[in-house]
There are 2 protein chains.
Amino acid sequence: METVATEPAAEERPGLRERKKQRTHDALLRAALELFTTQGYEATTVDEIAEAVDVSQRTFFRYFAGKEEAALAILEITQEQYLAAVRARPAHEAPLEALRNAVLEGWDAIGEAVAEVVPVELYLRAYGMIESTPALLAAHLRRSDEVAREIERIVAEREGLDVDTDPRPRVTVAVFGGVMRVTERRWALGGDLSMESMRALTAAHLDAVRPSLAEKWRTD
Amino acid sequence: METVATEPAAEERPGLRERKKQRTHDALLRAALELFTTQGYEATTVDEIAEAVDVSQRTFFRYFAGKEEAALAILEITQEQYLAAVRARPAHEAPLEALRNAVLEGWDAIGEAVAEVVPVELYLRAYGMIESTPALLAAHLRRSDEVAREIERIVAEREGLDVDTDPRPRVTVAVFGGVMRVTERRWALGGDLSMESMRALTAAHLDAVRPSLAEKWRTD
DNA sequence: TGTCAACTGTCAGTGGCTGTCATTAGCCTC
DNA sequence: GAGGCTAATGACAGCCACTGACAGTTGACA
């Protein structure tokens with residue numbers, strides 16, 4: 001039960017202070033990504049970013065834990081969106097099937113969620129930058145590892161298993177995560193940075209898992 | 001043709017200068033790991049390490065590109081040793097089989113190679129520290145990702161394939177790498193830090209790959 | 001409108017890391 | 001075995017990411 005028309009709901013107007021904060025945050029994020037993707041991550045100082053938004057350096061650090069976090073903030077949206085997609089899969093799907101479908105069907109929602117904060121084009125450029133900046137790639141891989149832990153829990157719960165007893169939830173997620181990493185790398189560094197090519201690559205790589213486990217590859 | 005007894009060969013005596021360098025390097029490495037594992041990585045400053053070996057901070061940075069590299073140097077030995085083991089696998093083995101055997105049979109050689117530089121006990125402690133220090137884990141995962149790239153090439157060459165055309169080499173390595181990551185995490189954070197438990201965990205997890213891909217997990 | 005709390009700027013300081021230059025110490029030749 | 005060459009080191013200055021502390025400013029709310 002919520003009020004609908006007459007009052008746009010108290011939650012819709014977060015107050016001037018809150019809106020201002022949001023604006024500063026988004027401005028810093030956009031400025032950071034813009035600078036990172038044009039001059040390079042290492043070559044960009046925090047002072048530059050702060051100056052571009054006309055705030056003090058200290059304020060930047062009040063919005064982001066560090067330079068790194070600003071560069072990866074956009075990926076957090078992606079990851080949370082994906083986690084939600086996995087949780088939403090129907091219970092009858094097999095674990096790997098659920099993970100696969102969550103990716104394939106989730107990309108549109110991910111695109112929309114991203115677009116609310118920064119232009120999609122900037123997001124795609126940022127992805128390429130992360131992949132080719134050692135410090136950022138490292139941080140990204142660690143975050144992905146943490147996401148994997150969460151997915152392990154979700155899968156185990158779906159199947160009513162204990163993660164520490166049955167190796168299958170962890171192994172399943174590991175296999176899936178490994179394949180997604182390959183997909184991601186190829187996508188980010190390849191020429192076609194579209195959602196469509198992402199879907200195609202994902203499907204192709206996941207379909208290649210069984211053949212890869214085969215004894216003899218030559219018998220085609 | 002080399003002189004044997006009377007002269008211990010010219011290559012065996014790298015000269016005083018070289019030996020001194022080696023000693024400084026090893027001393028810095030040991031001091032760093034000792035401090036990292038006792039006080040924690042973040043809580044240890046480079047000055048402390050340098051002081052413990054009685055050299056200037058500047059000298060530390062001449063031996064290691066950064067604090068991080070000192071903490072991970074020991075893993076580099078492991079990784080190179082593993083790459084050598086993979087390359088040495090007979091050609092008749094299937095890709096995944098070769099990767100598996102290289103791990104299972106390679107651990108002894110890895111242990112020996114490590115022991116030449118630091119006590120094995122220190123190595124094991126360091127492994128646990130890396131796993132539980134975000135900055136180090138991130139760097140470690142990135143290095144592992146690079147090693148994976150190299151293994152992809154090796155697998156592709158073994159099978160006479162092109163990495164960019166056939167997805168199987170990359171997918172195989174991704175699956176294997178994912179499973180090894182799970183194994184590594186469980187080993188480093190578990191109670192039993194022995195080569196034997198590593199072998200057992202590796203085998204168990206690799207054996208769990210096929211069952212994990214199954215449609216229904218309940219039909220046991 | 002005045003009080004409170006949140007947001008911000010300024011300043012000082014720490015630690016990782018780099019460039020530069022003078023000094024030291026193996027190495028090699030005559 | 002004295003002297004020149006060069007690699008290794010130390011000392012110093014400086015950049016940048018990041019943090020704590022304190023004071024000033026500005027929404028929020030009675």
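Note on naming: letters A, B, ... go to the chains in the order of the sequence lines (proteins, then strands), and numbering restarts at 1 for each one. Scope of the values below: all heavy atoms of this structure, side chains included, with no hydrogens, waters or symmetry mates.
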request  = Take atom CZ of A:Phe61 and atom C1' of C:dG15, then tell me their distance rounded to the nearest Å.
outcome  = 13 Å
message = Under 4.0 Å, counting only non-hydrogen atoms across every strand here, what does A:Phe60 touch: a base, just sugar-phosphate, or nothing?
response = nothing
ask   = Just by distance, with hydrogens left out, do A:Glu184 and A:His140 show a side-chain donor and acceptor under 3.5 Å apart?
value = yes
remark   = Rounded to whole Å, the CZ-C1' distance (A:Arg62 to C:dG9) equals 8 Å
ask   = Can you tell me if the side-chain N/O atoms of B:Lys20 get under 4.0 Å from OP1 or OP2 in C:dG26?
value = yes
task = To the nearest Å, give me how far apart CZ (B:Arg58) and C1' (C:dT24) are.
result = 17 Å
key: Closest-nucleotide ordering on DNA chain C, the 5'-leading residue of B:Asp47 and B:Glu18   = B:Asp47
ask   = When you check the side-chain N and O atoms of A:Asp192 and A:Ser194, is any donor under 3.5 Å from an acceptor?
value = yes
key: Sugar-phosphate, base or nothing in reach of B:Phe64, heavy atoms under 4.0 Å   = nothing
Spacing of A:Ile49 atom CD1 relative to D:dC18 atom P, expressed in whole Å = 10 Å
inquiry  = Classify the ring geometry of A:Tyr82 against A:Phe176: parallel below 30°, tilted from 30° to 60°, perpendicular beyond 60°.
reply    = parallel
Distance, rounded to the nearest Å, where B:Glu51 contributes CD and D:dT9 contributes C1' = 17 Å
task = Rounded to the nearest angstrom, tell me the gap between atom NE2 in A:His25 and atom P in C:dT8.
result = 12 Å
ask   = If you measure from the Lys or Arg side-chain nitrogens to the Asp or Glu carboxylate oxygens, is any gap between B:Asp145 and B:Arg181 under 4.0 Å?
value = no
query = Atom CD of A:Glu68 to atom P of D:dA17: distance rounded to whole Å?
reply = 12 Å
